[in-house]
K.L.:
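Quick one: structure below, then a few questions.
Note that the structure is a prediction, hence the values are computed from the model and not measured. Below, chain A is the first sequence line, B the second, and so on; all start at residue 1.
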Amino acid sequence: MTEYKNYLANQVMMGKMNRREFMGRAAALGLTISAAGTLFSTSAAAQEPKRGGHLKLGLEGASATDSLDPAKALSQFLFCANRNWGDMLVESDPLTGAAVPALAESWEPSPDAAVWTFKIRKGVMFHDGKEMTIDDVVKTLQRHTDEKSESGALGVLKSIKTIEEKGGDLVVTLTEGNADLPLLLTDYHLIIQPGGGYENSTAAIGTGPYKLTSFEAGVRATFERNPNDWNAAKRGFVDSIEMIAMNDATARIAALSSGQVHYINRVDPKTVNLLKRAPTVEILSTSGRGHYVFIMHCNTAPFDNNDLRLALKYSMDRENMVKTILGGYGKVGNDFPINETYALFPEGIEQRAYDPDKAAFHYKKSGHSGPVLLRTSDVAFPGAVDAAVLYQDSAKKAGIEIEVKREPGDGYWSNVWNVQPFSTSYWGGRPTQDQMYSTAYLSTADWNDTRFLRPDFDKLLLEARSELDETKRKDMYRTMATMVRDEGGLILPMFNDFVNASTKQVKGYVHDIGNDMSNGYVATRVWLDA
Amino acid sequence: MTALGPDTGPAQITATTAGGEGLPQSHAVSGTAVPSMTAGPMTGGFWRRFSLRRPLAALILQRLGLSVGLLFAVSLMIFGGVEALPGDFATTYLGQSATPQAVENIRKDLGLDQPLTERYVTWLGGALHGDFGTSWASRNSVSEQIGKRLGNSLFLAFFAAIISVPLAVGLGMLAVQFRNRLPDRIINVISLAAISLPEFFVGYLLIMLFAVKLGVATFPATVYDSMSFGERLSAIALPVATLVLVVLAHMMRMTRAAILNVMSSAYVETAELKGLSAFRIIAKHAAPNAVAPVINVIALNLAYLVVGVVVVEVVFVYPGMGQYMVDAVTVRDMPVVQACGLIFAAFYIFLNMAADLLAILANPRLRHPR
């Protein structure tokens, strides 16, 4: 409900909804007329951004090993910092997740969605004063996909065959049709750089609303407004930005509540209720696509038995997980990795609930006996060890014994995740359903961490990818979701919200479903109310 | 959109907590370290004559030689240790979002596909020429990056030291003066309480009180290039206060114990009976004997202030060496880990050597071991 309220407020702010429509929908939500009126007026008042001021962010996730090369941006800190100075060809709509033009003005697919033509925006200046050309765009995409690429976007762009310039336009040819290509180009690594960044990948010269003025890896980054921003009307309201690396959760909270910074990320669900009491602080919770998972290898005994997998799925008390592990800041999952924030979300799939009887039934049918070994670590997701113990408890009521083994956090991603048959893990969202399934549920995917090897699923995924008819596509996604839910190795108890916080001075925060921190755009979208 | 490094955070904190607290306790106080190395038969005659004529110079030379050997051993152990950790740079740096091709490209690029010994020898060759290489992660020169971080660490340690050392010694003497009376008790209770609380907790208390409630102190303590000297001082006020509280008790109690021990010995009594003045007794007879253990404890605490304060750095968001090294270990950035490790080891060795030399200078008896 909070999300829907945020959504309504956002619609008003973006001018997409008038007062009457807003009041009607808010009333349907159960808000009183006066409360809805206040919400409308605050959202509407928020329409006039104030310019100026110095914005300070205290962010988790920086490291002394950070590099400004967008291809290597992995940390939360860089994800957010790079948004300030660079632009992609395409951005995603904060509310619907649809592709919207950025440095590409428009695009056109071939009928089989295998050849895409992008019109590139004219007259856009890089921070060094040179005009962006089609050559820069082509070279940028080539750098991220060539055989020497170390880019984090390499996996997303695997299906690209050629990248070339034709008559001043960018033409991308794919090995097979993909209706989602524009959304793939929203990947945060794909910042257009002069000369593609081959020469000086860490120069941080881009077309973004802010120029980088100083950067010290793992410590601090500062920016000043780019006076020649091509999109200045819609973004870049504060004069300057200071991002401070704060990896300690308590330090972030102390800095925010003492007013030393305006915004912090990663508020621990365990302390969010304490922070909420501070009079100057606002909690910014956005529902997202990230999810905490318990994963079983479908091809490894004893998890090669679907009855055992079902028994383990029914043993999960999802409501309790959301309440305890996420402090209520999240949504229950339904054992497939997609939620309603994705475009073409297949509605109407029955929500799986905690059912010890059904669990006991399937467990008996599976013929399994003895304890089931679950490996976990606190790096899998915040509170993973607690979640495993809670799960152990709820499974016990169904007569299933789970043995929880705590693994060292160091090296968890290389030694346990995707290696051991039953473990806890975390998935960030992907821009599209196709991407999510291709990354982790396609038989040939490197990260098929449930060893879900189903040729019929693979076939459906490929068909859906090049299907331009949205109704047909949605039906295909429904079938796929049901397959993963009922036969896969994924136990998905919860989708976590992104919980951030700001001082009340910060206005215009957009709850972007794309990713954390307003999809990384927080500093370019907010303004300071003096 | 790829998963954004879920493998940061908690792991670092646990690792650093263990490191930070292990340091001060693990080194026994070696008050009367003594030059007793046997020299080889070839140089035996010359060395014996030299060490008899110039015992101090001989000691220093010997210690320097040993230090080089120690540093070499340390570099070998760090290399082996990082190699033994699961995963290499390519997989840990890319984390959960590693694709096989990207991993392969990074490995080839950095020569990680070469055998272990070859990589070590290459690194050692560079290090002997003073070239610590470039960081694998950021591709910047290690020496350049470390210079800044080391400067920050030394800045913090220096101010913590010039406050805590005189304060500790002074309080220790005060406690002796008022032995078993109220001032002694107060000093003891407060300093013991401060050392019993974990350093991050002391830090949080200070932040809550001075930054959040009273709003008088600067927080976070991040320092950067464009800061003036005064701003820097104000930024480090809280971390310095935390460090002073943490190291104070150790030095203060050692001072107190050492002086008490000497003051109750027979020769001080003799001196008193001879009718010497109190000042002369302390300066001429008591101090040289009491100073050795005190200097050693001070040296250990100084070393701790430079190399062991990563927890305080994290809590106060201070860009020092500790955090830098932990970040590097997390992604197995070998050149950075090696350089940091060697600098830390060098500090320990140097401070311990300085402590021994000072103790020997202060107390001639230690120059002639039995």
K.L.:
Against chain A, label B:I106 side chain, backbone, both or neither, depending on which of its atoms sit under 4.5 Å from a heavy atom there.
P.N.:
both

K.L.:
Identify which part of B:A217 has an atom lying under 4.5 Å from any heavy atom of chain A, answering side chain, backbone, both or neither.
P.N.:
backbone

K.L.:
Between A:N415 and chain B, which part of the residue has a heavy atom less than 4.5 Å away: side chain, backbone, both or neither?
P.N.:
side chain

K.L.:
With only heavy atoms counted, which part of A:E150 is less than 4.5 Å from chain B, the side chain, the backbone, both or neither?
P.N.:
both

K.L.:
With only heavy atoms counted, which part of B:N140 is less than 4.5 Å from chain A, the side chain, the backbone, both or neither?
P.N.:
neither

K.L.:
Which bit of B:Y204 comes within less than 4.5 Å of chain A, counting heavy atoms only: side chain, backbone, both or neither?
P.N.:
side chain

K.L.:
Does any backbone or side-chain atom of B:V212 lie under 4.5 Å from a heavy atom of chain A? Answer side chain, backbone, both or neither.
P.N.:
both

K.L.:
Is B:V336 in contact with chain A via its backbone, its side chain, both, or neither, using a 4.5 Å heavy-atom distance?
P.N.:
neither

K.L.:
Select one option (side chain, backbone, both, neither) describing which atoms of A:A245 are under 4.5 Å from chain B's heavy atoms.
P.N.:
backbone

K.L.:
Under 4.5 Å from any heavy atom of chain A, what part of B:T222 do you find: side chain, backbone, both or neither?
P.N.:
side chain

K.L.:
For B:Q145, which atoms come within 4.5 Å of any heavy atom of chain A: side chain, backbone, both, or neither?
P.N.:
side chain

K.L.:
At a heavy-atom separation under 4.5 Å, does A:K72 approach chain B through its side chain, its backbone, both, or neither?
P.N.:
both

